[in-house]
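Below, all heavy atoms of this structure are taken into account, side chains as well, without hydrogens, waters or symmetry copies. Proteins get letters first, then strands, A, B, ... in listed order; numbering begins at 1 in each.
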Number of protein chains: 2
Amino acid sequence: MARNAETTGTSSTAVGRLSPAKVEQKIAEFHGRLKERGFKSTGQRDDIAAVFFELGRHVSAEELYDEVRKRNPHVGYATIYRTLKLLKECDLLYERHFDDAQARYEAAGEQHHDHFICERCGRIIEFKNDELERLQQVVARELGVALLRHKVELYGLCSDCRKSARN
Amino acid sequence: MARNAETTGTSSTAVGRLSPAKVEQKIAEFHGRLKERGFKSTGQRDDIAAVFFELGRHVSAEELYDEVRKRNPHVGYATIYRTLKLLKECDLLYERHFDDAQARYEAAGEQHHDHFICERCGRIIEFKNDELERLQQVVARELGVALLRHKVELYGLCSDCRKSARN
DNA sequence: TTCCCTGCAAAAGTTTTGCACTACT
DNA sequence: AGTAGTGCAAAACTTTTGCAGGGAA
C-alpha cells in the first residue's frame with residue numbers, strides 16, 4: 001500500500017466572524033448551559049458573548065473589553081473576565097496562552113487543532129495534522145505517561161510576511 | 001526493511017543538578033560572554049548564575065530568588081530578572097512559558113527538546129522525537145510558512161501520578 | 001575615576017477580589 | 001423577595017524601571 005505518513009495531509013481552517021444566525025445559536029447554547037449549571041443569564045453576559053462570537057477567534061480580554069464597550073459602555077473589566085471564565089466552564093471557549101503576556105480566547109469549535117503564529121504580523125493560522133496527533137500518543141506511551149492534552153505551536157513568518165521580507 | 005516511523009524512538013533526558021566542576025565551567029563561560037558583550041562580571045551575577053546552574057532546570061524567578069537569598073540575602077528581585085535576561089542574551093538559558101502565569105528558566109543545553117508537564121505534581125520531562133520534528137517541517141511547508149521555532153508541550157499525568165491516581 | 005551595576009521602591013500590565021448596589025428568576 | 005450578578009476600585013502577582021548610591025575595570 002502506497003499510503004505513507006505524508007498522505008495524512010495538513011488542513012488549515014479559516015478563522016473569522018460568525019454569521020448573525022450562528023451567533024444567535026451560540027448565545028442560545030450559552031443560556032442553556034448557564035441554566036444547567038445554576039447561573040443566570042444577564043444582559044451583560046449576552047452582550048459579551050455576542051461580541052465574542054461575532055469577532056471570531058483569538059481575542060484578548062482587552063480587545064474584547066474595548067469592543068464590548070462600544071456596544072455597552074457600562075461593562076467593566078471584571079465582568080469581562082468573569083464571563084470569559086463562565087464561557088470556558090460552559091465549554092464554549094478555550095483559553096490560549098501564546099508567547100504574549102496576555103491570554104487569548106477562542107470560540108470552542110468542533111475539532112481539535114493546533115496553531116501557527118506569525119511573529120511579524122501576529123496572524124494566527126489553525127491547522128490539523130493527524131499524523132502529528134498520533135505521534136504525540138506514541139511519545140506519551142514511550143514516556144509512560146497519560147496524555148490529557150497537548151499544545152503544538154509553530155512560530156515563524158506567514159506567507160505574506162515571507163514575501164515582504166524578501167523585498 | 002523493518003525500520004518504520006516508530007523506530008525513530010523517543011528519548012527522554014534526565015534533568016538535574018550540575019556537578020560543581022560543570023557549574024564552574026558555566027560561570028567561566030558566562031564571564032567570557034559578558035566581557036565579549038561589554039558587560040561586567042559582579043559578585044551578584046556570579047551568585048545568581050551559580051545557583052541557577054546548581055539547581056538544574058525549569059526554575060521560576062521566585063524559586064531562584066529564594067535560593068539565591070539563602071546564599072546572599074542582599075540580592076533583590078530586579079537583579080534576578082536582569083541577570084536572567086543577561087544569561088539569555090549570552091545564550092546560556094532559555095525562557096519557557098508553560099501554562100503557569102510565571103516564566104520558567106532552563107539552562108541551555110546542546111540539543112533541542114520538547115516537554116511533558118505533569119498536571120498533578122508539576123514534574124517536567126524533556127523528550128526528543130525526530131519524527132515529530134520532521135512532521136512540523138512538513139506542516140510548515142504545507143501551510144506555506146517559514147518555521148522559525150516551535151513548541152510542543154504535552155500535559156497529563158506522569159507515571160508516578162498515574163499509579164497514585166489508581167488507588 | 002568612570003560608568004556600569006545594584007537595591008529599593010514604585011510603576012506597569014494583566015487578572016482577581018471585596019463590597020455596596022442592581023437586577024434576574 | 002431573595003440571591004446571584006455588576007461596577008468600581010483596590011489588591012494580587014509577575015516583571016520592569018527610575019534613581020541614588022556602590023563597586024568593577
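Computed from coordinates, the B:L86 CG to C:dT6 P distance equals 8 Å when rounded to whole Å. Between the CD atom of A:E62 and the C1' atom of C:dG13 there is a distance of 9 Å, rounded to whole Å.
Close to D:dG7, at under 4.0 Å from its OP1 or OP2, lies a side-chain N or O of A:Q44. The side chain of B:Y81 contributes an N or O atom lying less than 4.0 Å from OP1 or OP2 of D:dT15. Between C:dC24 and A:R45, no contact under 4.0 Å exists linking OP1 or OP2 to a side-chain N or O.
Remark: B:H115 pairs with B:H58, B:F98, B:H113 by the ring-ring contact (aromatic ring centres under 6.0 Å, His included) rule, at least two apart or across chains. Residues passing the side chain to side chain donor-acceptor pair (under 3.5 Å) test with B:Y155, sequence neighbours excluded: B:E153. With sequence neighbours excluded, the residues forming a side chain to side chain donor-acceptor pair (under 3.5 Å) with B:E95 are B:K88, B:H97, listed by chain and number. Applying the salt bridge (Lys or Arg N to Asp or Glu O under 4.0 Å) criterion to B:E133, with sequence neighbours excluded, gives no partner residue. Partners of A:R82 by side chain to side chain donor-acceptor pair (under 3.5 Å), not counting sequence neighbours: none found. Residues satisfying the ring-ring contact (aromatic ring centres under 6.0 Å, His included) test with B:Y65, not counting sequence neighbours, are B:Y77. Residues forming a side chain to side chain donor-acceptor pair (under 3.5 Å) with B:R96 (at least two apart in sequence, or on another chain): B:E106.
In the hydrophobic clustering, where aliphatic and aromatic side chains (Ile, Leu, Val, Met, Phe, Trp, Tyr) are joined below 4.5 Å either directly or transitively, A:L157 groups with B:L148.
For residues 63-75 of chain A, proximity to DNA chain D is found at A:H74, A:V75, defined as any non-hydrogen atom under 4.0 angstrom from a strand atom. Using a 4.0 Å cutoff on non-hydrogen atoms, no part of residues 93-108 of chain A comes near DNA chain D.
Of the possible donor and acceptor atoms, none in the side chain of A:E67 sits under 3.5 Å from a partner among the backbone N and O of A:L64.
Counting only residues at least two apart or on different chains, the side chain to side chain donor-acceptor pair (under 3.5 Å) pairs with a member in residues 32-43 of chain B are B:E29-B:R33.
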Go along nucleotides 17-25 of chain D 5' to 3' and tag each nucleotide: B for a protein heavy atom under 4.0 Å from its base, S when only backbone or sugar atoms are that close, - otherwise. BB----BBS
